[in-house]
A.B. asks: 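What follows is a single structure, and I will ask about it in a moment.
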Amino acid sequence: MNRPDADTPVAAKAVAVDPLSLDEVLHETAETAHRRDRLLAALTLIAGVGLALAVPFALRAGAEFFLPVTAALVVAVALVPVLEWLERRRVPSGLAALLCLVLFLSVANIAIASIIVPAADWFALLPERIGRIRTNLQPVIEIYANLERFIDQTVTMLARTPHAAARTVTLETPNSLLDLLTTSAPFAIIQMFFAILVIYFFLSGWTKMRRRTITSRGSFSSAMTTARVIQEMVDATSAYLGTITIINVTLGLLVSAGLWLVDMPTPLMWGGIVAIMNYIPYFGPIVAALLLALGGLMTFPDPWYALVPAAIFVAVHLIEANIITPTLVGRRLTINPLLILVALSFWGWVWGTTGALLAVPLLIILKTILDAAGKPDIAGFLFEEGTLTGAAPDDPPAGQKVA
């Protein structure tokens, strides 16, 4: 008796596969891969959020290191166009970096000297002018005094328990300005020297570093993208800082001329303060106006005339902020005001006044890099299925209708 199984070819033994079961297997496999991708993306998102929460505290705790390094890098990036201009004229990289550094230090020292020396005289004069300031502000002081008496009477009437005994807290402070300088000056000098070295070595090795970064890419398109990002970052940062510096110096000179016309002492000092404070958007001009009002109250006996210096600055600043700066800076460097406020609050909290001065340049650098590398779509990941990992398995391809 013949056995058909023994003589039948192997191919004939294959069992027919149900097409429906094959579709189910492929669907389950795709769905499993999709869930795995979503899990990996969620873990990446959680790690990114944790890193974003930890970085500010690390920057604040390590301000002695991160602050001078960051400030030096921002200044160095702003000086790159000057460096490249010198190198195109066959100046060696080391000498070109040294010339850029000398130029920056000369301008910075002139600006600081024009402000610090007269400001020391104003601080020395402040105790003697407290009486004049109180006299000029007497109407405002009386209003607040009456309000304070009203609040005290109201609290006394509503209070049912005796006030707790007041506690006295003693704060140890330096006994004199000399003690403060002797305790903080050496460390500040070390930080400044470290920042100067960072600027010099960054500039001296900038050309080689950029060439090495571009040539080390694996493909031509990657090299071109890297070169474009580097160039855009340098152009945006240097263009912003250069344009804003010219605007602020002009603003300071105009304010100085107006203060000279109204016989305000040391007008160049006030112009320098105005120019520096104008680097801080929104908050800087407010502080400059308050300082000018205080200086006017210290100088002039008439309270209304004492407000003229602040009024001059406000008038010039309104023209600068609404006409000149938008025209010169242009739309290419326009940043959302909300982002500027958040950056000012963040960097001011991390590094104080210096952080506020660095807020906008750091925001421009970060924005340029994110525009080239792509921004994470966190909202899309949270509220739209598969935004970070592509279309979900159940979704039909684009343009295909569902049967």
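Numbering of residues begins at 1 and proceeds along the displayed sequence.
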A.B. asks: Extract all donor-acceptor atom pairs below 3.5 Å that involve side chains of residues 311-321 and protein atoms in other chains or at least two apart in sequence.
C.D. replies:
| unit_1 | atom_1 | unit_2 | atom_2 | d |
| --- | --- | --- | --- | --- |
| His317 | ND1 | Glu320 | OE1 | 3.1 |
| Glu320 | OE2 | Thr325 | OG1 | 2.5 |

A.B. asks: Any side-chain heavy-atom pair from Val198 and Pro68 closer than 4.5 angstrom?
C.D. replies: no
A.B. asks: Table please: side-chain donor-acceptor pairs of residues 76-104 below 3.5 Å, with sequence neighbours left out.
C.D. replies:
| unit_1 | atom_1 | unit_2 | atom_2 | d |
| --- | --- | --- | --- | --- |
| Glu84 | OE2 | Trp206 | NE1 | 3.4 |
| Glu84 | OE2 | Arg210 | NH1 | 2.9 |
| Glu87 | OE1 | Thr207 | OG1 | 2.7 |
| Glu87 | OE2 | Ser93 | OG | 2.9 |
| Glu87 | OE2 | Thr207 | OG1 | 3.1 |
| Arg89 | NH1 | Trp85 | O | 3.1 |

A.B. asks: From Leu254 CG over to Leu259 CG, what is the distance, rounded to the nearest 0.5 angstrom?
C.D. replies: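 Between Leu254 CG and Leu259 CG, I get 11.0 Å after rounding to 0.5 Å.
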A.B. asks: For Ala310, enumerate each residue passing the side chain to side chain contact (heavy atoms under 4.5 Å, CB included) test, keeping only those at least two apart in sequence or located in another chain.
C.D. replies: Leu292, Ala293
A.B. asks: Taking atom CD1 of Ile230 and atom CE of Met209, what is their separation to the nearest 0.5 Å?
C.D. replies: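 Here the rounded value is 7.5 Å.
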A.B. asks: Restricting to side chain to side chain contact (heavy atoms under 4.5 Å, CB included), what partner residues turn up for Leu338, sequence neighbours left out?
C.D. replies: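 Once residues adjacent in sequence are excluded, the partners of Leu338 under the side chain to side chain contact (heavy atoms under 4.5 Å, CB included) criterion are Asn336, Val342.
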A.B. asks: Which residue pairs satisfy the side chain to side chain donor-acceptor pair (under 3.5 Å) criterion with at least one member in residues 246-273, sequence neighbours excluded?
C.D. replies: Trp122-Thr266, Asn248-Asn278
A.B. asks: Mind checking side chain to side chain contact (heavy atoms under 4.5 Å, CB included) for Leu363 and listing every partner two or more places apart, or none if nothing turns up?
C.D. replies: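 Residues passing side chain to side chain contact (heavy atoms under 4.5 Å, CB included) with Leu363: Ile335, Leu339, Ile340, Ala343.
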A.B. asks: Minimum heavy-atom separation for Leu59 and Trp351, please, with both atom names.
C.D. replies: O-NE1, 3.1 Å
A.B. asks: Starting from the C-alpha separation in whole Å, work towards a yes-or-no answer on side chain to side chain contact (heavy atoms under 4.5 Å, CB included) for Trp347 and Val360.
C.D. replies: CA-CA 10 Å; Trp347 292 110; Val360 177; over 6 Å; no
A.B. asks: Residues in side chain to side chain contact (heavy atoms under 4.5 Å, CB included) with Ile115, at least two apart?
C.D. replies: Met269, Ile273, Ile276
A.B. asks: Look up atom CG in Leu344 and atom CG in Leu357, then write down how far apart they are to the nearest 0.5 Å.
C.D. replies: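 Here the rounded value is 9.5 Å.
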A.B. asks: Show every ring-ring contact (aromatic ring centres under 6.0 Å, His included) that has at least one partner inside residues 39-79, sequence neighbours left out.
C.D. replies: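 Qualifying pairs, neighbours excluded: Phe57-Trp349.
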A.B. asks: Please list, chain by chain and in numerical order, all residues satisfying side chain to side chain donor-acceptor pair (under 3.5 Å) with Thr245, sequence neighbours excluded.
C.D. replies: Tyr279
A.B. asks: Could I get the full list of ring-ring contact (aromatic ring centres under 6.0 Å, His included) partners for Tyr305, not counting sequence neighbours?
C.D. replies: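 Residues passing ring-ring contact (aromatic ring centres under 6.0 Å, His included) with Tyr305: Phe300.
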A.B. asks: Taking atom CD1 of Ile116 and atom CG of Asn109, what is their separation to the nearest 0.5 Å?
C.D. replies: 11.0 Å
A.B. asks: Rounded at 0.5 Å granularity, tell me how far CD in Glu232 sits from OG1 in Thr237.
C.D. replies: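 Glu232 CD to Thr237 OG1: 11.0 Å, rounded to 0.5 Å.
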A.B. asks: Under the side chain to side chain donor-acceptor pair (under 3.5 Å) test, which residues partner Tyr200, sequence neighbours left out?
C.D. replies: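 Testing Tyr200 for side chain to side chain donor-acceptor pair (under 3.5 Å), a comparison that skips the adjacent residues, returns none.
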A.B. asks: Closest heavy-atom contact between Pro309 and Met264?
C.D. replies: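 For Pro309 and Met264, the tightest heavy-atom pair comes out as CG-SD, 3.9 Å.
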A.B. asks: Does any non-hydrogen side-chain atom of Phe202 lie less than 4.5 Å from one of Val69?
C.D. replies: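 When only atoms from C-beta onward are counted, Phe202 and Val69 do not touch, as no gap falls below 4.5 Å.
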A.B. asks: Could you give the distance from CG (Leu268) to CG (Leu253), rounded to the nearest 0.5 Å?
C.D. replies: 8.0 Å
